[in-house]
Amino acid sequence: MEKLLLVDDVEAARAIARLYLKDMDVEVDEAADGIRAVELFCAGSYCLVLLDLEMPVLGGLEAVRAMRADEARANRPRTPILALTAHDDTTHAEACLQAGCDGILVKPLNRSLLRETVLRHLAS
């Protein structure tokens, strides 16, 4: 079974994502802050990371940079990382892509879009 890393400091947001993904063939690891997300990422192997951008302790963009640095240091293949954000604008999107994100999902999450996105990454 493939593993997905879900990172959001809001428990309710993680609960909704879990509910949307519950009958899919994917195991979900969770983190509530960027530091824990980077720890899990460095220790594990994920088919996809869903990462909130606005978190305490270590923000999402900083976490993405740390994850990409770990991949480079360990010569690991690139893991798709999608930013979870409430900001739907091009300036914000550009910052996400420059930090190392592969795309963006806008909150509130759309069940169908989330499931289609996860399925696409499970297949690849």
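Keep in mind it's a predicted model, so treat the numbers as computed, not measured.
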Residue list, salt bridge (Lys or Arg N to Asp or Glu O under 4.0 Å) with Asp33, at least two apart or on another chain: none
Sequence-distant partners of Arg18, salt bridge (Lys or Arg N to Asp or Glu O under 4.0 Å), two or more places apart: Glu11, Glu30
Distance (rounded to the nearest 0.5 Å) between Glu116 CD and Arg111 CZ: 10.5 Å
[X]: which other cluster members, linking ILVMFWY side chains closer than 4.5 Å, directly or transitively?
{"X": "Leu113", "value": "Leu4, Leu6, Ile16, Tyr20, Leu21, Met24, Val26, Val28, Leu48, Leu50, Leu82, Leu84, Leu105, Leu109, Leu114, Val118, Leu119, Leu122"}
{"X": "Met1", "value": "none"}
{"X": "Leu53", "value": "Leu61"}
{"X": "Met55", "value": "Leu5, Val7, Ile35, Val38, Leu40, Phe41, Tyr46, Val49, Leu51, Val57, Leu58, Val64, Met67, Ile81"}

Just jot down the side-chain hydrogen bond (donor to acceptor under 3.5 Å, both in side chains) partners of [X], sequence neighbours excluded, or say none.
{"X": "Thr79", "answer": "Glu71"}
{"X": "Arg65", "answer": "none"}
{"X": "Arg36", "answer": "Glu39"}
{"X": "Asp23", "answer": "Arg115"}

For the student: nearest non-hydrogen atoms of Ala31 and Arg14, plus distance: O-CD, 3.7 Å
Nearest atoms (heavy-atom pairs only) where Cys47 meets His121: O-CB, 4.1 Å
Qualifying salt bridge (Lys or Arg N to Asp or Glu O under 4.0 Å) pairs with a residue from residues 43-63, counting only residues at least two apart or across chains: Asp52-Lys107
Residue pairs passing the ring-ring contact (aromatic ring centres under 6.0 Å, His included) test where at least one lies in residues 66-89, sequence neighbours excluded: His87-His92
